[in-house]
Every structure is written in structure tokens, then in C-alpha cells.
Amino acid sequence: MFSEKDRQFAADFLERVAKKVSIMATQIGGNFPYTTNGEWHPKGENADISYWTNGFWPGMMWLMYIKTGDEMYKKIANECEDKLDAAIDRFYGLHHDVGFMWSLSSVANYKITGNDRSRDRALHLATILAGRFNPAGNYIRAWNFEAFTGGAIVDCMMNIPLLTWAEKYSKEPDPRYSHIARAHADKVLETFIRPDGSVYHKVEFDKNTGEVIDYPDCQGYAPESSWSRGQAWAIYGFAMAYLNLGDEKYLDAAKKVAHYFIANLEPEKLPLMDFRAPEEPVYYDSSAAAAAACGLIEIAKVVPEFEKPMYERAVMNLLHVLDENCNYNEEELVLLENGSGAYHSTKGIHKPYIFGDYYLLEALMKLYGNDGKFNIHN
Ligand code: GLY
């Protein structure tokens with residue numbers, strides 16, 4: 001069990017974060033920040049309403065609504081969810097990240113308010129996600145690029161909770177969704193997780209035979225390196241697979257990747273954006289820390305008593321560093337700094353990404369805010 005001191009720290013941290021988010025909410029309203037210092041999706045004529053990050057802001061608004069009961073947050077979340085209907089209407093724009101997008105908007109809405117329209121949207125999108133399953137290789141196809149028609153990425157472990165949710169809320173509980181979630185998780189276990197607990201970001205399968213044909217260039221330094229946000233997606237994704245599908249092998253996978261992640265942390269520093277990159281330049285990623293913290297909290301909840309302290313210590317170490325990387329200046333529209341997008345795209349290094357803010361708020365809410373009663377992902 002987290003100590004009283006840890007919970008008090010999380011409570012105080014949550015208050016700082018919530019205060020900042022309340023200020024951001026009045027300025028951002030029903031828009032979709034990507035980096036909170038001014039990049040938006042959609043923006044201008046080339047608006048991309050289908051962008052993978054467009055569920056995080058409504059997700060934060062739902063977390064704030066749970067915490068405060070303030071109707072402003074619900075209104076903003078609903079406004080964003082309505083706008084996302086434009087993405088549903090554009091089939092070619094839809095990809096596997098419908099899981100991130102509609103779990104945090106429509107599933108959250110349905111869980112909190114029981115809104116049937118939100119349930120229906122989420123079921124539609126879960127069905128789209130299920131339709132991306134390739135039975136020749138037992139994986140969910142990630143994107144729609146011609147060059148990656150047989151491609152899957154580790155991030156998708158965060159999308160499959162939409163499937164396990166849909167099993168429960170389809171008209172009669174429909175196990176096909178979970179069969180697909182299980183088949184995909186098993187494939188990730190087999191082909192993405194390396195023996196030492198590090199993970200590949202991308203795997204390309206032959207779309208007709210299902211054989212692994214390539215490990216393409218990725219968001220980390222190189223295919224064989226170790227992109228830390230990808231490790232975090234695996235930690236949290238497998239922890240949720242265990243909670244939602246109930247097989248110990250998924251918990252073991254989450255623990256294995258977690259042990260590798262924890263072993264690569266430097267004291268009082270954010271995780272490097274890639275644990276196996278050259279010494280210079282030094283790139284950190286706060287969003288990897290925040291997402292990993294969420295997964296580690298879930299692992300700590302379910303392991304036996306004497307296993308808990310290691311995960312809890314890691315969570316607290318990450319939270320202290322995250323606190324140091326928060327911008328509490330009320331004049332600036334930025335919360336968590338020093339997130340990183342992709343290693344070889346230097347314009348995306350050390351930015352305040354909305355997904356970092358989201359997982360930070362979620363981690364604090366898991367730890368303190370609602371005493372674990374509400375989990376968007378399961
Ligand atoms: N899912 C894309 C990323 O983590 O950057």
C-alpha cells in the first residue's frame with residue numbers, strides 16, 4: 001500500500017495540476033491541443049480531426065469532472081466528443097488509435113453519465129477497430145499507409161481496452177471483441193517483447209501469410225533500440241490486458257517490461273526518450289514517465305503484498321520527477337514539459353504534449369483523486 005506520506009504528496013500534486021488544468025480549460029475550451037503551447041488538431045484548412053491525440057483533452061475534462069463535479073468540464077468534453085463525429089464520417093481517416101480517441105471521450109462519457117449516444121459511438125468505433133484485425137497474422141493493423149499494410153505497433157496495446165469494453169456493452173455480450181483483443185495481445189507478446197523486457201515499436205507482417213518480415217524504423221533511435229514511450233505503452237497495455245482478459249501471462253509481460261523500464265531509470269531524472277540511443281544528444285520524455293506510472297500503479301494494485309513496494313517506489317520516483325517538470329505559471333498554457341515525439345524529428349523534442357498531461361492527471365487520480373473507483377480503460 002502506498003504510504004500516507006505518498007498519498008499526501010499525490011493529493012497536493014493533484015491540487016497543483018488541477019488548478020493549472022482549470023485555467024487551461026477556460027482558454028482551450030472545446031479545442032484539441034496537441035502540444036499545449038499552441039499546436040492544435042484540427043487547425044486551419046488541413047484540419048485533422050482524426051489525429052490520434054484528439055481524445056486526451058476530453059479525457060482530461062472527464063477526469064476533472066469526476067474530481068470537481070464542475071459542469072464546465074462536462075460541457076467541454078461533450079463539445080469535443082460531438083466534434084469527433086466528423087472523424088467517424090471519414091472512414092479513410094480512421095486508424096487503430098480510435099481506441100485512445102473514443103475510450104477517453106465516449107466510453108468515459110458513457111461510464112460517467114450513461115449517455116446512450118456515447119455508448120453507440122464507442123461501439124461503432126470498437127467495431128471499426130475489430131475490423132482492422134488481420135486473421136492471417138492475428139494482429140490489428142495500425143495505420144492506413146500503403147507501405148505498412150501489414151503493420152502493427154506496440155501502442156495498440158492501449159487501444160484494445162475499447163474492444164474488451166465493447167464485449168460487455170454490445171447488445172448481447174459479444175465475445176468476438178475479446179477474442180480479437182486476446183489474439184492481438186498474444187501476437188504482441190510473441191513478436192514485440194524481447195527476451196530482456198525491451199520492446200519493438202513496429203513490426204511488419206506479411207499481410208497474407210502473417211510472417212514477420214521487418215522491424216521498420218520507428219519513433220525511437222533505431223528499430224533495435226528501446227523507445228521509452230513504447231515501453232510505457234507495453235507496461236500499461238499489458239497491465240490492462242491482464243485486468244480485462246484475466247490471463248496471468250499478460251501480468252507477467254507487464255511486469256517484465258516494467259522491470260526493464262525501472263532498471264533504465266536514472267535517479268531523479270525523467271526517462272530518456274530512448275534507453276538505447278547514443279549518449280548525445282540527451283532527449284527525455286515526460287510522457288513515457290506519466291504513462292508508465294499509470295501502468296505501474298495498476299501492477300502494484302494486483303501483485304501480492306511483498307511485491308508491491310518496488311512498483312510503488314518507482315511510481316513515487318516518477319511522480320516526483322514529473323512534478324519538477326510541471327509548469328505551474330498561470331500565464332502560460334503549458335502543464336507537463338519535456339515530452340518527446342520522435343527521436344529523429346528534432347522539432348518534437350522537449351515539448352508539452354497533451355498525452356503527457358492526460359496520463360499525469362490519470363496517474364494522480366488513480367492514486368488519490370477517486371481512490372481507484374474509476375478507471376477509463378477497464
Ligand atoms: N502513438 C504515438 C505515440 O506514442 O507517439
Side-chain angles (χ1 to χ4, degrees), residues 32-36 39 41 48 50-57 59-60 87 93-105 125 129 132 139-145 148 151-162 184 188 192 198-204 215-223 225-238 240 257 261 270-275 277 283-295 336-360 362-363 376-377:
F32 296 94
Y34 170 54
T35 63
T36 46
E39 287 176 36
H41 283 279
D48 186 3
S50 316
Y51 202 60
W52 78 278
T53 55
N54 284 354
F56 293 113
W57 180 243
M60 286 175 73
L94 295 170
H95 39 67
H96 72 151
D97 287 329
V98 298
F100 277 110
M101 294 168 73
W102 277 275
S103 295
L104 306 184
S105 54
L125 274 303
L129 183 59
R132 301 186 69 84
Y139 64 89
I140 294 172
R141 182 184 174 191
W143 302 307
N144 302 329
F145 310 129
F148 203 46
I153 67 174
V154 72
D155 320 30
C156 193
M157 287 304 299
M158 297 295 293
N159 290 324
I160 61 176
L162 182 63
H184 180 81
V188 174
F192 282 71
S198 65
V199 305
Y200 286 105
H201 179 203
K202 296 182 183 170
V203 177
E204 186 167 7
Y215 298 100
D217 281 340
C218 65
Q219 274 173 253
Y221 172 66
S225 70
S226 173
W227 174 50
S228 61
R229 192 161 62 253
Q231 321 295 304
W233 294 147
I235 295 169
Y236 195 12
F238 274 105
M240 288 187 291
V257 182
F261 189 95
L270 288 172
L272 290 167
M273 100 161 277
D274 193 314
F275 293 131
Y283 296 150
Y284 293 106
D285 184 12
S286 56
S287 71
C294 287
L336 181 59
E337 299 187 319
N338 296 318
S340 290
Y343 190 95
H344 296 288
S345 170
T346 46
K347 67 179 176 20
I349 301 295
H350 297 162
K351 293 273 185 88
Y353 288 104
I354 193 64
F355 39 92
D357 289 355
Y358 173 82
Y359 287 105
L360 171 61
E362 193 188 286
I376 285 184
H377 287 293

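In each ligand, atom 1 is the first atom listed, and ligand 1 is the first ligand listed.
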Would you be so kind as to tabulate the donor-acceptor pairs closer than 3.5 Å made by side chains of residues 94-101, with sequence neighbours excluded?
unit_1, atom_1, unit_2, atom_2, d
His95, ND1, Asp97, N, 3.1
His95, NE2, Ser50, O, 2.6
His96, ND1, Asn159, ND2, 3.4
Asp97, OD1, Asn159, ND2, 2.9

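- Contacts of Asp217 classified as side chain to side chain donor-acceptor pair (under 3.5 Å), with partners at least two apart in sequence or in another chain: none.
- With sequence neighbours excluded, the residues forming a side chain to side chain donor-acceptor pair (under 3.5 Å) with Glu337 are Asn327, listed by chain and number.
- A heavy-atom cutoff of 4.0 Å around ligand 1 is satisfied by the protein residues Trp52, Asp155, Gln219, Trp227, Arg229, Trp233.
- The line from CH2 of Trp102 to CG of Leu129 is 11.0 Å long, rounded to the nearest 0.5 Å.
- No side-chain donor-acceptor contact under 3.5 Å links Ser340 to the backbone of Asp285.
- The CZ atom of Phe275 lies 10.5 Å from the OG atom of Ser198; values are rounded to the nearest 0.5 Å.
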